[in-house]
Amino acid sequence: MSASAPPTLAVEHLTTRFATRDGTVTAVDDVSFSVAPGEVLGLVGESGSGKSMTGFSILGLVDPPGEIAAGSIRLNGRELRGLSAAEWRALRGDRIAMIFQDPMMTLNPVLRIDTQMIETVRAHRRLGRAAARDLARDALARVGIPSPDERLRAYPHELSGGMRQRVAIAIALLNAPDLIIADEPTTALDVTIQAQILFEMQTLCRQSGTALIWITHDLAVVAGLADRVCVMYAGRIVEQGSTAQVLETPAHPYTRGLLDSTPAVQTASCNAGQARPLHPIPGMAPSLRALPPGCAFCPRCGRASTACEATPPLVEPAPGHVVRCFHPLVTTLDEAAR
Amino acid sequence: MPLFILRRGLQALNVLFVMSLLVFAGVYAIGNPLDLLVDPNATQEDMARAAASLGLDQPLWVQYGRFLARALQGDLGDSFLHGAPALGLIVERLPATLELAVVAMLVAVLLGIPLGLWAGLRPDSLPGKTIMAGSILGFSLPTFWVGLMLIMVFAVQLGWLPAGGRGPTTDVLGVSTSLLTMEGWRHLLLPAANLALFKLSLIIRLTRSGTREALLQDYVKFARAKGLSNVRVVGVHVLKNILIPIVTVVGLEFGSLIAFSVVTESIFAWPGMGKLLLDSITQLDRPVVVAYLLLVVTLYVVINLTVDLLYAALDPRVRLAGARQ
Amino acid sequence: MSEATTLPAASPAEAEVERPLRRLVRAYAESRVALFGLALLLVIVLASLLAPWLAPQNPYDLMQLDVLDGRLPPGSASGDGRQTYLLGTDEQGRDMLSAILYGLRISVGVGVVATLLALAIGMALGLAAGYFGGRFDAILMRIADIQLSFPSILVAMILLALFGQGIDKIVIALVAAQWAYYARTTRGAALVERRKEYIEAARLLGLSTLRILFRHLLPNCLPPLIVVAALQVAAAIALEATLSFLGLGLPVTEPSLGLLIANGFQYLYSGRYWISVFPGVALLLTILAINLVADQLRDVLNPRLHGQ
């Protein structure tokens, strides 16, 4: 997709905080990125890095005691911060849809599939039940569910995990949204089904020009799917750029660490079948309640210096490739292929 | 589905049989009704004659055989005291008890579910906390003492409502009811409130915890991410899920309401079968105790069966499991 | 916490390492209402233990009663002017405060003894059922199920109808009405724990079955049992009071709170409220205190609600 198209979603300096008894916790800290129509953005990070919270913030589903404390979220140029509850509701499921991680849990166990699909259509459009049902059947067919009419009458427990996730995807597609946020939707599935669904999602979004934010901890998924990648650590984006830039010439020590601890990521420079020793990152992800000052990765970083106790600057090693670090890796292709 | 019903029905009959055995053994094998029924100065012959006329001189298994054969024809023996058929005495009083229990349960459900939802949706708000505090209090208040307090306040001090009795009744299709007159309702109000209090607290707590748990589920988040209104998320997605345990508990607790009506009936002089049971126990009128027990056990078995079927109707997962078996 | 979002949990490295007991105590103390309940419970337990020394008179020593002092309202002075009846007197001139303290002693005593007995029996059966499974488990749970489908008051009423009155009889009735709760709870917890690795490890080490049951399995089944037992003490006390109120429970010679309330019932109509009301308040406070403590214990011991 061309980078010059006006973005579907532009997030700037987004900050989401939670008031807890032990003080304020910043779950999303000064996060900025944008997604163009038809583009797939991979949002990568370990659990607790704030990637899911970023998704919920964009959907306006941060509940008290959490709140979006600063920044702007613009969907097709329209500012979403400050919308009323009713305006948010009109947007959710219509312009922005979300898919969750565990398909076993996202569908209501006591409601039939048709009920759960029709209500999604009718929450946003003045359509009769029959017309809404037709839309639901079409959506099921589009995500590759055989005999959709029969499936509509089923209860969730009568479908397999992969099938349920397809239903959830169909629900997300129902109102032809501008943006879909997918929160690790394939993590709970078998690898073969995972690959199918990844491929189908990519195709569907490309065809319809829907922007897609794919939240994951799995760099292998991102490598095969995303156009661009944001790497999050402790609530901040530490590196972003095109998939090739981030995966082949990682500039942040954390991204590098992630790559070194991931088995065989299929990038152009990493030949399949070539065994590569794994190097886990030492230490553990920090608690958001007790972040070190400055760069949060500093205590685990081999390149850290005393300078890292201040907030690191944004560095741009290549156009479109931004990294937040005092000591970015100057990577050569040689090193990347190691 | 028919197989499922048949299986449950057979289970229910089994329980009934075992209970009849237990009830009989318990009531007929221990204690001696002659001590109470026959004049202590009577001769041996008088005692023997009385025992024979009551069937007490036969071996236990013969007594049980007779008892069961007659029970199947609806004859559970005559009351030692009233001289009338025991079952008839109980059935006569059944409508009064059922009326009390049904009204109490309706009060508990119709108030309990909305209050529980409110407390579950806003657990930290003042109303939410107040509802919870009230339900803990309601849980801790002994039913019989609340009954006394209700009488003291509303009947003795304020004089608004009668302190006891059932008031006028109307016959509808041969069943007497006090629901058709204002005066009947005035008599019913205090006992029904008394009986409802404990169940109300229970339903509030059940609804609240169910709501809180449901709100944490992904399907609720997903429903909200679909842009559904709060009314639909709570009214359909949450409510339908928590209704399943609530229906079960309401069904099962209905049986316990009938048992607890013994207390309420004795306080409010409500002419139901609970009061009859209490009188019969203290006066060793065993045929009536046995008749009560068997009737209540039958009632329970029927209630349990109904709850099972309702559960299956509400929860699609159970329906499937039942159909497969 | 929020409904749609969850905060990332503190990572193990950062989480302060706290001893479990201290964590429980701290979590318990977070609710002021629960602390109040605990304080109230302590007062009640002390009052019932020390009743003979706290009470102004021995309410069942007829020599100390003066019928002329009958039905005096709260705060009245006795006829001989030697004492004040803080909570009034009953029809026999018995000081209500003393009667309540003695009644509390009986009520709490019966409730605690019955609960401990039912707990011991139910726990042993439930543990065995959960650990061994099979036929024993199936039959035991069937019996428990049937019994639990009948309210405990009915079970207890029938047993008392058979056995007659007496403190031992009511304890038996309470135990019979409640053992199944413990058996069910223990079995459920034992089933979960049995599959865990530490039991497998203990078995591989060749430990005896009894040792595995009581040293390894039981401690891990305790949290739910503690909660159920706490709630059931309250239920047992309420049930005993109800039965005694109905005249089926304790004999007149051992008057628990329920019997005191029943004695005052007839005087309610003539406005002599104190004979029923004060014993009722004592009963209510006892049950309330136990329920408050049990409620908080459940929240503290329930791992599912942690971190919310």
Side-chain angles (χ1 to χ4, degrees), chain B residues 15 18-19 22-23 26-27 29-31 121 129 132-133 136-137 139-149 151-152 155-157 163 205 212-213 215-216 220-221 224-225 252-253 255-260 262-263 266-267 277-278 280-282 284 286 289 292-293 296-297 300-301 303-304, chain C residues 1-6 33 37 142-143 145-146 148-155 157-164 231 234 237-239 241-243 245-248 257-258 261-262 264-265 268-271 273 276-277 279-281 283-292 295 304-305 308:
Chain B
V15 171
V18 173
M19 286 309 291
L22 284 179
V23 164
V27 179
I30 308 170
L121 292 173
K129 284 184 171 169
M132 263 325 270
I136 292 185
L137 197 65
F139 235 61
S140 306
L141 287 164
T143 305
F144 68 95
W145 189 66
V146 175
L148 301 194
M149 295 304 104
I151 289 179
M152 189 179 91
V156 178
Q157 304 284 331
R205 291 162 74 96
R212 289 190 68 187
E213 209 142 289
L215 286 178
L216 294 172
V220 168
K221 292 186 210 170
R224 295 176 70 202
L252 297 179
E253 291 296 321
S256 118
L257 268 186
I258 289 175
F260 262 97
V262 174
V263 181
S266 83
I267 294 170
L277 171 73
L278 200 60
S280 306
I281 288 179
T282 46
L284 286 183
R286 286 180 295 176
V289 176
Y292 175 89
L293 267 182
V296 167
V297 167
Y300 274 37
V301 168
I303 290 172
N304 280 346
Chain C
M1 259 306 303
S2 62
E3 289 149 12
T5 51
T6 31
V33 180
R142 193 88 192 104
I143 295 174
D145 274 348
I146 291 183
L148 284 178
S149 69
F150 297 96
S152 44
I153 189 171
L154 194 68
V155 177
M157 244 175 357
I158 297 313
L159 289 175
L160 287 172
L162 295 178
F163 299 148
L231 286 170
I237 291 176
L239 187 54
T242 306
L243 293 167
F245 173 82
L246 293 177
L248 301 174
L257 293 174
I261 296 170
F265 186 16
L268 269 186
Y269 297 101
S270 52
Y273 64 90
S276 264
V277 169
V281 170
L283 181 61
L284 165 64
L285 288 179
T286 308
I287 298 173
L288 184 68
I290 299 173
N291 279 344
L292 286 177
D295 237 39
R304 278 220 286 179
L305 287 172
Q308 266 182 41

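The analysis underlying the following values was restricted to heavy atoms, covering all of them including side chains, and did not include hydrogens, waters or symmetry mates. Each chain gets a letter, A, B and so on, in the order the sequences are listed, and its residues count up from 1.
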Look at [options] and state which one has the largest set of heavy-atom pairs under 4.5 Å with chain C.
| options | value |
| --- | --- |
| B:Ile267, B:Val146, B:Leu137 | B:Ile267 |
| B:Val220, B:Ile258, B:Val262 | B:Val262 |
| B:Ala225, B:Gly255, B:Ser256 | B:Ser256 |

Specify the closest pair of heavy atoms between [X] and [Y], including all atoms of both residues, with the distance to one decimal.
| X | Y | value |
| --- | --- | --- |
| C:Met157 | B:Leu277 | CE-CD2, 3.7 Å |
| B:Trp145 | C:Val277 | CZ2-O, 3.4 Å |
| C:Pro151 | B:Ala259 | CG-CB, 3.5 Å |

- Query: After noting the C-alpha distance and the side-chain angles of C:Leu154 and B:Tyr292, does the key distance pass the side chain to side chain contact (heavy atoms under 4.5 Å, CB included) rule?
  - Reply: CA-CA 11 Å; C:Leu154 194 68; B:Tyr292 175 89; 3.9 Å; yes
- Task: Can you measure from CG (C:Leu246) to CZ (B:Phe144) and round to the nearest 0.5 angstrom?
- Result: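 Between C:Leu246 CG and B:Phe144 CZ, I get 8.0 Å after rounding to 0.5 Å.
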- Item | Nearest-0.5 Å distance, CD1 of residue B:Ile151 to CZ of residue C:Phe265 |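 These two atoms lie 4.5 Å from each other.
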- Message: Taking side chain to side chain donor-acceptor pair (under 3.5 Å) as the definition, give me every residue that meets it alongside C:Asn291, ordered by chain and number, with sequence neighbours left out.
- Response: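 Partners of C:Asn291 by the side chain to side chain donor-acceptor pair (under 3.5 Å) criterion, ordered by chain and then number, come out as B:Ser140.
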- Message: Suppose we screen for side chain to side chain donor-acceptor pair (under 3.5 Å). Which residues come up paired with B:Thr143, at least two apart in sequence or across chains?
- Response: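 For B:Thr143 there are no side chain to side chain donor-acceptor pair (under 3.5 Å) partners, ignoring immediate neighbours.
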- Query: With respect to chain B, which residue among C:Asp295, C:Val33, C:Leu292, C:Leu283 yields the maximal number of heavy-atom pairs within a distance under 4.5 Å?
  - Reply: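 Highest number of heavy-atom pairs under 4.5 Å: C:Asp295.
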- Determine the option with the most heavy-atom pairs under 4.5 angstrom with chain B, choosing from C:Gly258, C:Gly247, C:Ala241, C:Ala262.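 Looking at each option in turn, the highest pair count goes to C:Ala241.
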For [X], which atoms come within 4.5 Å of any heavy atom of chain B: side chain, backbone, both, or neither?
| X | answer |
| --- | --- |
| C:Val155 | neither |
| C:Leu159 | neither |
| C:Ala234 | neither |

A side-chain contact here means heavy atoms from C-beta on lying under 4.5 Å apart; do [X] and [Y] qualify?
| X | Y | result |
| --- | --- | --- |
| B:Val263 | C:Ile153 | yes |
| C:Leu284 | B:Met149 | no |
| B:Thr282 | C:Leu248 | yes |

- Please step through side chain to side chain contact (heavy atoms under 4.5 Å, CB included) for the pair C:Ile287 and B:Phe139, ending with a clear verdict. CA-CA 9 Å; C:Ile287 298 173; B:Phe139 235 61; over 6 Å; no
